[in-house]
Protein chains: 2
Amino acid sequence: MTAVNKIPDIVIGRLPVYLRALSQLVVEGKTVTSSHELGQQLGISSAQIRKDLSHFGEFGKQGTGYQITHLYAQLQQILQIDREWAVAVVGIGDLGRALARYGGFSDRGFRVVAAFDSDPAKIGTDLDGLTIQSSTLIAEVVRAKQIRIAMIAVPAMHAQSVSDELVRAGVRALLNYAPITLNVPSYVHVQYIDPVAHLQHMTYYLDMS
Amino acid sequence: MTAVNKIPDIVIGRLPVYLRALSQLVVEGKTVTSSHELGQQLGISSAQIRKDLSHFGEFGKQGTGYQITHLYAQLQQILQIDREWAVAVVGIGDLGRALARYGGFSDRGFRVVAAFDSDPAKIGTDLDGLTIQSSTLIAEVVRAKQIRIAMIAVPAMHAQSVSDELVRAGVRALLNYAPITLNVPSYVHVQYIDPVAHLQHMTYYLDMS
DNA sequence: GGATGTGAATCCGTTCACAGCT
DNA sequence: AGCTGTGAACGGATTCACATCC
């Protein structure tokens, strides 16, 4: 269809999953795949994969399937991760440290370029070549480095005010690890990660024994 | 409706979110709330909240709203988190350490009771009173402690085999942080957390500038 | 008056099934 | 023959709107 109209958000959310699956297939030495194979790997119907991709263009060959490298590149472009995004981490507790040091960002479109904390004992400390900076510098650094994406790993109590400050400084996408719903302007995107919520979701189905 | 029939999984997934919102309201000193107030806080329609809750019973009073403590307790019961679930963490890198030490589990129904790693340098090390154990002991410990839930924080390469072993030992719910789709029997529940996928989801909407 | 609980209506996403290309 | 791309059919989830009750 190649329509650039209004693509459902739920479709966008599956594209990163497709990217992951394609990476895995590359590791397995494959160069070509099909909607059926991808679907099998992900537990998704092949029709859904074809329909999802059809929102953006025609990436396959009938009778053959998809060239993995080609499809991968296309999806990267669609998601705008055919470049490297600068990311800030706020709150360098155990979780923030893990995020700041995580090696899995670099080859998937992101680089942590700033780390903030309010604890004087941590400020100035080195973190794999990154220096932890005072939270009071958030506005300044975000502006200077043109940071558009931030990960919030501070206690729930402070998450909203940190969010406010980041947004004021120009951040437009937030990955929030604090277990609260953030209040942000409509032009800011937020995604939530709450491991406990995931666990609670699953316990519903567990039979105690 | 109070029907115990087949409740949509998507509804179950929202219950933890409602719990979070209720907690927040308690912090704000409220004792009663309404579907409207909850919806406002979460960015969800009030009708959806009422419909969701109606699957499980009638928890509100017409004209008044919901008694927060009562609704909270009911949701806890529905999700089976009116008890404490023992959880294992496998892979004590930065992320696994953060999970094992995270203080936010205890008051929401979970307790980390075992931590595994395959690195001899880490085995035997203390982690806030928890001793890191060899991954070779997974089966034994999971069985002994009747663990039904595990969090996987090992490199993608090893996630599938760790998953297999956990399932064989009796684990029935997995929270997987490795960026791969796990292959598990149908009676095992899996939830995925992939921060990069969330970031990639958001970059779609960012206009570069 | 005010807020719930719920059938009915609507909207949206998934699946079906097949024409069309290789 | 094999697999894509897609309109049509289907099913499920959300919203509407109102009767009901405090």
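Across the protein-nucleic acid pair, A/I12 atom CD1 and C/dG13 atom P stand 11 Å apart, rounded to whole Å. Per the geometry, CD1 belonging to A/I7 stands 14 Å off P belonging to C/dT14, to the nearest Å. Between the NZ atom of B/K51 and the C1' atom of C/dG7 there is a distance of 7 Å, given to the nearest Å. Spacing between atom CD1 of A/I44 and atom P of C/dC16 amounts to 15 Å, rounded to whole angstrom units. To the nearest angstrom, P of C/dG5 lies 12 Å from CG of B/L38. For the pair B/F59 CZ and D/dC22 P, the interatomic distance rounds to 17 Å; values are reported in whole Å. Taking atom NE2 on A/H36 and atom C1' on C/dA17, their separation rounds to 16 Å, with Å as the unit. Straight-line distance from the NZ atom of A/K6 to the P atom of C/dC11: 16 Å, rounded to whole Å.
Residue A/S35 places at least one side-chain N or O under 4.0 Å from the OP1 or OP2 atom of D/dT4. A/S45 has a side-chain polar atom (N or O) that falls below the 4.0 Å cut-off from OP1 or OP2 of C/dT15.
The line from CG of B/L22 to OG1 of B/T69 is 10.0 Å long, rounded to the nearest 0.5 Å. A distance of 11.5 Å separates CZ of B/F110 from OH of B/Y102, quoted to the nearest 0.5 Å.
Using cut-offs of 30° and 60° on the angle between ring planes, the pair A/Y205 and B/H189 is parallel.
Residue pairs meeting the salt bridge (charged side-chain N to carboxylate O under 4.0 Å, His left out) criterion with at least one partner in residues 89-101 of chain A, sequence neighbours excluded, are A/D94-A/R97, A/D94-B/R101, A/R101-A/D128, A/R101-B/D94.
Looking at A/Q48 and A/D52, their side chains never bring a donor and an acceptor atom within 3.5 Å of each other.
Between B/R14 and B/D9 there is no salt bridge, since no side-chain N of the basic residue sits under 4.0 Å from a carboxylate O of the acidic one.
Only A/Q62, listed by number, bring a heavy atom of residues 60-75 of chain A to less than 4.0 angstrom from any atom of DNA chain C.
Across the interface with DNA chain C, nearest-nucleotide mapping of A/R14 and A/R50 shows A/R14 to be the residue nearer the 5′ end.
Looking at the side chain of B/P8, the nearest of the listed nucleotides D/dT6, C/dG13, D/dA13 is D/dA13. Residue A/E58 has its side chain nearest to D/dG5 when only D/dT15, D/dG5, C/dT15 are considered.
Heavy atoms from other residues, nucleotides or ligands lying under 6.0 Å from CZ of B/R111 number 12 at most.
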